[in-house]
Structure formats: structure tokens, C-alpha cells
Protein chains: 2
Amino acid sequence: MTKPVPTSNEPCPVARATSLIGDRWSLLIVRDAFDGVRRFSDFQRSLGVAKNILSDRLRKLVDAGILACQASREGSAYQEYVLTEAGNDLFPLVLALRQWGERQLFSPGEAHSELIETASGKPVAAMLPRRQDGSVLMPHDTRVRKLP
Amino acid sequence: MTKPVPTSNEPCPVARATSLIGDRWSLLIVRDAFDGVRRFSDFQRSLGVAKNILSDRLRKLVDAGILACQASREGSAYQEYVLTEAGNDLFPLVLALRQWGERQLFSPGEAHSELIETASGKPVAAMLPRRQDGSVLMPHDTRVRKLP
DNA sequence: CAGTATCCCTCAAGATACTG
DNA sequence: CAGTATCTTGAGGGATACTG
């Protein structure tokens, strides 16, 4: 039995997002999905998570509209979990997490996996918030406008 | 007693990052810090978190080099928690979380807080991964290069 | 005000066995 | 292979009282 996904009523999008995907496994599942993983056992092997937990998270991600469950086209019995449009829209988030980790959590020269632009073979450039004119936006140039 | 921050040995930056800041409160603390919150009781009021938990998270964020603890310049006894350089570097991550939440977790027309560019008063533009030439990079244009 | 020290409790997570 | 069912454990989190 799954608890209903409450999609919290928080007016802050950050709070609402973290309450949905801010747990130990969801974003790692999404990362693997971007990496081409589709099958239950492949997620399980990749993550080393207990099967019941994986089952629960996959269901929640499907309920949240981030993953879709579709029959394998190979005729086998199993299903495949693929990113929906909302799931693909998490690409900037996973990338931001990855790039911050690369910059701040590895010693200089320490090896880590890396996101590559397939066509050129070069690492994906740092993603930064920008203005319309292309200049980089710093935290101090912004403020949060709260609800009326 | 704080458990030592193990800074996990995972070779994947996403995994390492989530293991450090992927809990229920850390990113919300960071969000508040970007919003100008500096004092213990202000974090507490804003988040509604138990004081012992807040104390623990602030210490972990300080240990991780994301926040720095400095004496208030007003001569009062209390300290202030401010973002370090590594903390400020989380701006793209918090923004990605916010923008995904705005796009996917609110009904059309549902009110939410919003990040504004102070100078213009306009909402911050969507942050997207781009190539050097400025074109938008899609998930399928990339792949993860694993460790040797 | 800014925390620390306890106590308690729920739920996430793991292990294992089982089913279609 | 792809899950579900059940049991157990422990960490995360809340409430409250206390201290400098």
C-alpha cells in the first residue's frame, strides 16, 4: 500500500520539490534513468538498494509523473521505467548536483565520473544562471518575492 | 556528538552530493541563507524544525564548508551563519530545484514565491545547460563517462 | 537568545522469504 | 526475472527541559 503523494501545499517551489524528490534514492534513480537504465534489476544492481525500497520509489516516481511504466517491446514480461517529460525536465537539476559535486567534493586530481557532450566528447560546460543578455547572474543580484 | 562527515567515496559526484546535502533540511537551510537568513532563531522560525535538528544540520553544513560561523558584528553574543564560497556555489542547484518545482509542481495559475532579478524586477530566466555556442543541450546529447 | 541534553517515537531502510 | 509480503532495526526527527 502506497501512501498518497500529498504534493505538499508549500508555496515555495524549493520546499515542494525537496519534499517530493529530496530523499536518499529518488534522484539517484533519476540519474540512472538519464544514464539509460530502464529495468528493475538494473536499477537494483546499480544502486545496491533493497528491492522493496526500490519498488516503493519507482512507484512514487511513476505516481509523481516523473517516470512512466511501459511494457518492454521485446515481448518479455518485464516493464521498463522511462523518464516522462517532467522527468526529462529534471536534467538541469541533476546536472547542477553533479557539477557542484565535481567542483566542491573532489580533491584536485581525484577521479570521478563525468558528463560528456556526445558529439564533441568534451565535458559539459558549467551551467550558470544568466540574464537575457547572457551575463552571469550572482545570488546577490536576486531576491525572492514572497506571496502576497 | 556529531557523527563524522564521511564525505562518501562514491566516484559519482551526484551520489556524493546527495549523500551530503540530500536530506530533509539542508537545502532548505541553504535556501534561507540565500534569502538572507543568518540567525539560529530565524532559521528555526522559518523552517519550523526542531532546535536540536537545526543545531545538528548547521554544524554539519559548517563542517562541510558550506556555511561559516562568525560572530555577530553587533556585539551581541550570538553568531551568524553565512554562506561560504562553496555555499554560494550551490546557487545553481537551488535555482534548478526552484525552477523545476515551479514548472512541474504547481497548477497553472497557482501562486508561489518567485525568484526575481533585483535590478529589473523580472523573474529569473530558466537556467538550461548549453553548449559553448549557446545552444541548449538536451539529455540525449550527453553521456556519462565512467571511471577507467 | 542560542543553543545543548534527554527522551521518545515514527518511518525509512535492510534482510529475507515468497509469488507469478 | 520482477516484483510483493513480512519482520526487524536504527537513524532521523520532534517535544521538552535545561544552561550560559
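Proteins come first, then strands; the chains are lettered A, B, ... in the order of their sequence lines, and each starts at number 1.
For the pair C12(A)/R98(B), a side-chain contact is recorded, criterion being any heavy-atom separation below 4.5 Å from C-beta on. Side chains of Q99(A) and L95(A) form a contact here, defined as non-hydrogen atoms less than 4.5 Å apart. R59(A) has its side chain within reach of D63(A): a pair of non-hydrogen atoms, C-beta onward, lies under 4.5 Å apart. Residues P92(B) and L128(A) meet the side-chain proximity criterion, which asks for heavy atoms closer than 4.5 Å.
Set against dT4(C), dG13(D), dG14(C), the side chain of K51(B) has dT4(C) as its closest nucleotide. The side chain of N52(B) lies closest to dT6(C) when the candidates are dG14(C), dA2(D), dT6(C). In the set dG13(D), dA5(C), dG3(D), the nucleotide with an atom closest to the side chain of S55(A) is dG3(D). Distance from the side chain of F40(A) is smallest to dG3(D) among dA2(C), dG3(D), dC1(D).
An OP1 or OP2 oxygen of dC1(C) is reached within less than 4.0 angstrom by no side-chain nitrogen or oxygen of R39(B). Proximity of S41(B) to the phosphate of dA2(C): a side-chain N or O atom is located under 4.0 Å from OP1 or OP2. Proximity of Q79(B) to the phosphate of dG3(C): a side-chain N or O atom is located under 4.0 Å from OP1 or OP2. Contact annotation: R45(B) side-chain N/O to dA2(C) OP1/OP2 distance is not under 4.0 Å. The phosphate of dG13(D) has OP1 or OP2 within less than 4.0 Å of a side-chain N or O from R57(B).
In this structure, the CD atom of Q44(A) is 15 Å from the P atom of dA13(C), given to the nearest Å. The CZ atom of R59(A) sits 16 Å away from the P atom of dA2(D) (whole-angstrom rounding). Here dC1(C) presents its C1' atom at 15 Å from CG of L58(B), a figure rounded to the nearest Å. Here the P atom of nucleotide dT16(D) and the CG atom of L54(B) are 18 Å apart, to the nearest Å. Protein atom CD of E80(B) is 15 Å distant from nucleotide atom P of dC1(C), rounded to whole Å. Spacing between atom CZ of R24(A) and atom C1' of dG13(D) amounts to 16 Å, rounded to whole angstrom units. In this structure, the CD1 atom of I53(B) is 15 Å from the P atom of dG3(C), given to the nearest Å. Atom CD of Q70(A) is separated from atom P of dA2(D) by 14 Å (rounded to the nearest Å).
Across all strands, F43(B) comes closer than 4.0 Å to no nucleic acid atom at all (heavy-atom distances).
By the 4.0 Å N-to-carboxylate-O rule, K146(B) lies close enough to D35(A) to be salt-bridged with it. The pair R131(A)-D141(A) meets the salt-bridge criterion, with a side-chain N (NZ, NE, NH1 or NH2) lying under 4.0 Å from an Asp/Glu carboxylate O.
Checking side-chain atoms of T142(A) against main-chain N and O of E117(B) turns up no donor-acceptor pair under 3.5 Å.
By the criterion of side-chain heavy atoms lying less than 4.5 angstrom apart, applied directly or through intervening Ile, Leu, Val, Met, Phe, Trp or Tyr residues, F34(B) is not grouped with V82(B); the two fall into different hydrophobic clusters.
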- Query: Based on Watson-Crick and G-U pairs with both distances under 3.5 Å, what dot-bracket line describes DNA chain C 5' to 3', crossing pairs as [ ] and inter-strand pairs as |?
  - Reply: ||||||||||||||||||||
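Ranked by how close their nearest DNA chain C nucleotide is to the 5' end, C69(B) and W25(A) are led by C69(B).
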